[in-house]
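Just follow the structure's listing: the first ligand is 1, and inside any ligand the first atom is 1. Since the model is a prediction, treat every value here as computed from it, not as a measurement.
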Amino acid sequence: MPTMLEPDAVASTASTAHPEDPIVLSSLTHDYGTRLALDHLSFSVAPAQIFGLLGPNGSGKTTLFRILSTLMVPSGGVATIRGFDVAKEPGQVRQQIGIVFQARSLDIKLTVEENLRHAGHLYGLSGKHLRGRIADVLQRVALTDRARDYVETLSGGMQRRVELAKGLIHSPAVLLLDEPTTGLDPGARLDLWQYLRMLRDEEGVTVLVTTHMMEEAEYCDRLAILSEGKLVALGSPEELKSTIGGDVVLFETDSETAAQSLAARMAGRFDMAALGNGAPAVLGNTVRLERENGHRFLTAVLDAFPGEVRGVSVSRPRLEDVFIQRTGHRFWTEKTDASETQRDHEKGGGHD
Ligand code: ADP
Ligand code: MG
């Protein structure tokens with residue numbers, strides 16, 4: 001049953017979006033039967049930005065990617081790309097966007113050039129113009145000298161660059177990428193980000209990229225953080241981290257029970273009311289809180305509760321802290337930790 005769009009929600013978000021914003025979401029919702037995968041998302045993406053969609057596995061990134069790339073119609077709400085409605089004007093939207101899927105979409109038995117030529121034909125390009133475009137995009141991703149090579153002879157990082165070139169063949173103003181660095185080694189990963197920055201800076205391309213990796217999200221100009229289909233935070237990485245007060249202090253204990261007991265007594269002993277959102281939270285066997293002068297506080301706690309703490313840490317806020325603060329739980333649960341997700345992806349898992 002499609003969710004109906006609430007006029008109020010649209011009106012309130014429309015006022016925050018600028019007319020020139022190439023991507024605008026208004027109360028965008030999607031359900032797969034009973035499962036709500038996207039829950040009334042409203043935000044917009046400014047031109048020539050690298051915009052990141054950060055969320056753990058199952059948070060709805062691929063669902064949103066598929067809707068924006070016109071592969072799927074949302075159950076409710078509206079999304080526009082350069083003014084075109086993704087559900088009602090998919091043909092026009094496709095002319096505006098380049099798409100890079102999480103899974104490989106190249107024919108490895110063909111050469112790099114042949115793959116790009118086929119991609120160009122799908123967009124109605126041919127002849128001299130297409131040859132010019134192929135030369136341009138290959139130069140962009142520094143693969144001119146590999147044009148005649150079979151894709152299967154290229155490294156994983158090079159194949160991703162061919163995917164990128166393919167997404168750019170028709171000179172789109174907006175580039176959509178779903179977890180583009182999956183399975184790449186750290187060097188190739190940095191390399192791909194370098195190309196995305198170049199596209200933004202030199203061609204003014206608007207880039208929307210999904211990722212489940214916090215380190216990658218740091219490279220984005222602006223981020224939307226998703227949790228279970230809901231928008232939980234929106235802003236630049238710096239803005240988001242600055243919403244956390246002071247340092248993040250962690251006390252590891254022997255068990256969850258011990259952590260709960262310690263958190264309760266800590267709250268009794270120290271002035272937590274003065275902390276605002278920094279009240280202690282229990283995450284498994286760890287007590288976590290936000291506090292100015294974290295080192296001084298840490299020493300005071302260790303003195304007050306000798307022998308109860310097994311390990312400590314004080315750090316500047318990270319994006320994961322933003323996620324914990326907004327959702328009350330860790331980015332990775334025990335069930336789907338980062339390494340497991342990585343393995344899933346390498347096996348070709350996911351919904352693509
Ligand atoms: P992400 O890309 O962030 O991992 P997805 O968009 O793939 O998230 O999934 C969001 C939610 O929707 C998850 O709970 C997932 O299990 C569910 N889901 C995704 N695709 C389908 C589908 N084709 N049918 C039913 N449920 C789906
Ligand atoms: Mg996904």
Ring centre gap for Phe323 and His329 strictly below 6.0 Å: yes
Ser59: numbered ligand 1 atoms lying under 4.0 Å from its heavy atoms: 1 (P), 3 (O), 8 (O)
Under 4.0 Å to a heavy atom of Ala37 - the qualifying atoms of ligand 1, by number: 11 (C), 12 (O)
Gly60 near ligand 1 by a heavy-atom separation under 4.0 Å: yes
Passing candidate, ring-ring contact (aromatic ring centres under 6.0 Å, His included) with Tyr219, options Trp193, Phe51, Tyr195: Trp193
His212, portion touching ligand 1 at heavy-atom distance under 4.0 Å: neither
Inter- and intrachain pairs under side chain to side chain donor-acceptor pair (under 3.5 Å), touching residues 78-87, at least two apart: Arg82-Gln96
N, O or S from Thr210 under 2.8 Å to the Mg ion (ligand 2): no
Per-atom contacts of ligand 1 with Asn57, taking only distances under 4.0 Å to non-hydrogen atoms: 4 (O)
From Ser227, Gly33, Gly58 - option closest to atom 10 (C) of ligand 1 by heavy atom: Gly58
Ion pair check, Arg310 and Glu308, cut-off under 4.0 Å: no
Phe101 and Phe65 aromatic ring geometry - parallel, tilted or perpendicular at 30°/60° bounds: perpendicular
Contact atoms of ligand 1, heavy-atom distance to Thr62 under 4.0 Å: 1 (P), 2 (O), 6 (O), 7 (O)
Ligand 1 contact by Pro56, heavy-atom criterion under 4.0 angstrom: yes
Pair Arg222 + Glu239: basic N to acidic O under 4.0 Å: no
Test side chain to side chain contact (heavy atoms under 4.5 Å, CB included) applied to Phe297 and Leu289, step by step: CA-CA 10 Å; Phe297 179 69; Leu289 41 78; 3.4 Å; yes
Members besides Leu283 in its Ile/Leu/Val/Met/Phe/Trp/Tyr cluster (side-chain heavy atoms under 4.5 Å): Ile324
Element-labelled atoms of ligand 1 that are located less than 4.0 Å from some non-hydrogen atom of Thr63: 5 (P), 6 (O), 9 (O), 10 (C)
Contact atoms of ligand 1, heavy-atom distance to Arg35 under 4.0 Å: 12 (O), 14 (O), 17 (C)
